[in-house]
Trainee: 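Sharing a structure with you now.
Every chain is numbered from 1, with letters handed out A, B, ... down the list of sequences.
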There are 2 protein chains.
Amino acid sequence: MDVLLDEPEISIRRQRRLSEKECTQHLMPIQDALYVLSGKWKLPIIIALRDNNRRFGEIQRAVTGITARVLSKELKELEMNEFVVRKVYPTTPVTIEYALTGYSDTLDAVIIALHDWGVQHRDRILKRTERA
Amino acid sequence: MDVLLDEPEISIRRQRRLSEKECTQHLMPIQDALYVLSGKWKLPIIIALRDNNRRFGEIQRAVTGITARVLSKELKELEMNEFVVRKVYPTTPVTIEYALTGYSDTLDAVIIALHDWGVQHRDRILKRTERA
DNA sequence: TGGGGCACTATCCTGAAGTATACTGCTATC
DNA sequence: GATAGCAGTATACTTCAGGATAGTGCCCCA
C-alpha cells in the first residue's frame with residue numbers, strides 16, 4: 001500500500017550520505033561480487049564441493065537438477081575465477097577431480113552475511129503472511 | 001590451466017564441513033538474499049535513493065541508462081520487499097516520492113561484505129593481468 | 001497553442017541464461 | 001556382446017530479464 005501524506009518531504013532533504021562519485025565507487029565492486037555469485041547454480045555447486053564431492057558425476061548427483069552441459073560450463077567459470085581447481089590424474093581412464101581453492105574461502109564473509117540476512121528476511125516474510 | 005598430480009585425493013577426504021541437510025538449509029536463505037539484490041538495477045536504484053533522489057524522474061536521471069519501464073518495475077519490486085515506500089501527496093498534479101525504509105538499512109552488512117570482497121577481487125584480477 | 005515535464009503504461013523485440021536430448025570414446029562389469 | 005558409468009560436447013529449443021519506442025492525461029511556461 002502507498003503512504004499518503006500531507007506535504008512532500010522534497011524540501012526536507014536528509015543529509016547526504018555519500019557523494020555521487022563515492023556511490024559509483026561503491027557500486028562497481030559490489031556488482032563484481034554479485035556477478036561471480038549470481039546465476040542459478042554457482043552457490044549450489046560451491047556447497048556441493050564443500051561437502052566433499054569431487055568427481056563430475058558426484059557433483060551432478062549432489063546438485064539435483066543440473067544438466068551436464070550447464071555443470072561443465074559453470075565449473076569452467078568457477079575455475080576461471082579461481083574458486084575451483086580441476087585436477088587430472090594420469091590413470092586409465094583419466095581420473096578428474098574438482099576441488100575448492102583457498103581463495104574460495106575468502107567468500108565466507110559474503111556467504112555468511114547473505115545467509116544471516118536471508119534467514120531474518122524469510123522470518124519477516126513468514127510473520128507478515130501470518131498476520132495477513 | 002589444469003593441475004596434474006600423481007595420485008587422486010579421493011581417498012584423502014578432508015573432514016566434512018557440513019552435512020547435506022545443513023548445506024541445503026544454508027543455501028535457501030542465501031538464494032533468497034541474492035534474489036532481492038540480483039539483476040542489473042536494484043543496487044544502483046538503492047544507491048540513488050540513498051543519495052536523496054526521491055522523484056521518479058530524478059531517480060531515472062541518477063541511474064543512467066535505465067528506461068522508465070524497467071525503473072517502474074524495479075521500484076514495484078523494491079516496494080514489495082519493503083525496501084522502499086511510495087508516498088503520494090494530494091497536490092495537483094499529484095506529487096510522488098520514493099524513499100528508502102528503515103528495513104533497507106538491514107542490507108548494510110550484506111552490501112559491505114560484497115563491497116569488501118569485490119574490492120579485493122578487483123585488485124587480485126588486476127595484479128594477475130599485470131603479471132601476465 | 002504548442003512544447004516540455006511529470007509519472008508512468010503498452011507493445012514489441014533481442015540476447016543471454018538455462019533446458020532437453022543425443023552422442024562421443026573409453027573401460028569395467030554382467 | 002550388451003549394458004552401464006565416466007566426463008564431458010553438440011545441437012536445438014525455451015524462457016525471461018531487460019531494451020526500444022510510442023503514447024497516456026495532466027499541468028506549467030513562453
Trainee: Give a yes/no answer on whether the side chain of B:Lys76 brings an N or O atom under 4.0 Å of OP1 or OP2 in C:dT9.
Mentor: yes
Trainee: Report the distance from atom CG of B:Leu75 to atom P of D:dG18, rounded to the nearest whole Å.
Mentor: 13 Å
Trainee: Is it the case that over 12 heavy atoms from other parts of the model lie below 6.0 angstrom from the OH atom of A:Tyr35?
Mentor: no
Trainee: Side chain of B:Val70 only, please: which of D:dA7, C:dG18, D:dG19 is the nearest?
Mentor: D:dG19
Trainee: Rounding to an integer number of Å, can you tell me how far B:Glu97 CD sits from C:dA7 P?
Mentor: 9 Å
Trainee: For the residue pair B:Phe56 and B:Tyr98, categorise the inter-ring angle as parallel (less than 30°), tilted (30 to 60°) or perpendicular (more than 60°).
Mentor: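 Tilted: the ring planes of B:Phe56 and B:Tyr98 meet at 30° to 60°.
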Trainee: Could you write out each protein N or O paired with an N or O of nucleotides 20-25 of chain D at a distance under 3.5 Å?
Mentor:
from	atom 1	to	atom 2	distance (Å)
D:dA20	N6	B:Arg69	NE	3.4

Trainee: I need the CD1-P distance between B:Ile96 and C:dG5, as an integer number of Å.
Mentor: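 After rounding, the gap between these two atoms is 18 Å.
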Trainee: In whole angstroms, how far is the P atom of D:dG18 from the CG atom of B:Leu71?
Mentor: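 Rounding to the nearest Å, CG of B:Leu71 and P of D:dG18 are 12 Å apart.
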Trainee: Is there side-chain contact between B:Leu37 and A:Ile30, with at least one heavy-atom pair below 4.5 Å?
Mentor: no
Trainee: Under 3.5 Å, which N/O atoms of the protein pair with N/O atoms of nucleotides 28-30 of chain D?
Mentor:
none

Trainee: Can you name the side-chain hydrogen bond (donor to acceptor under 3.5 Å, both in side chains) partners of B:Thr106, sequence neighbours left out?
Mentor: A:Trp117
Trainee: What is the distance, to the nearest angstrom, from the CZ atom on B:Arg54 to the P atom on C:dC6?
Mentor: 16 Å
Trainee: Starting at CH2 of B:Trp41 and ending at P of D:dA17, how long is that distance when rounded to a whole Å?
Mentor: 16 Å
Trainee: According to a strict under-4.0 Å criterion, is A:Lys73 in side-chain N/O contact with OP1 or OP2 of D:dA10?
Mentor: no
Trainee: Would a 4.5 Å heavy-atom cut-off, applied to side chains only, mark A:Asn53 and A:Val63 as touching?
Mentor: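 In short, these two side chains do not touch, never coming nearer than 4.5 Å.
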Trainee: If we only count heavy atoms from C-beta on, is the B:Val84 to B:Thr101 side-chain gap below 4.5 Å?
Mentor: no
Trainee: So what does B:Glu74 touch, heavy atoms closer than 4.0 Å: a base, only the sugar-phosphate, or nothing?
Mentor: sugar-phosphate
Trainee: Closer than 4.0 Å, any side-chain N/O of A:Lys40 to the OP1 or OP2 of C:dA17?
Mentor: no
Trainee: Roughly how many Å is it from CD1 in B:Ile66 to P in D:dA17, rounded to a whole number?
Mentor: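 That distance rounds to 14 Å.
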Trainee: Tell me whether the OP1 or OP2 atom of D:dG5 has a side-chain N or O from A:Arg61 closer than 4.0 Å.
Mentor: no
Trainee: Got a donor-acceptor contact below 3.5 angstrom from the B:Arg55 side chain to the B:Ile96 backbone?
Mentor: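 Checked: pair present.
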Trainee: Would you mind reading off the distance between A:Gln31 atom CD and D:dG18 atom C1', rounded to a whole angstrom?
Mentor: 15 Å
Trainee: Do A:Glu74 and A:Glu77 come within less than 4.5 Å of each other through their side chains, counting heavy atoms only?
Mentor: yes
Trainee: Is there a side-chain contact between A:Phe83 and A:Lys42 (heavy atoms, below 4.5 Å)?
Mentor: no
Trainee: Does any part of the side chain of A:Asp32, heavy atoms only, come nearer than 4.5 Å to the side chain of B:Ile125, both counted from C-beta?
Mentor: no
Trainee: Respond yes when some side-chain nitrogen or oxygen of A:Tyr89 is under 4.0 Å from OP1 or OP2 of D:dA7, and no when none is.
Mentor: no
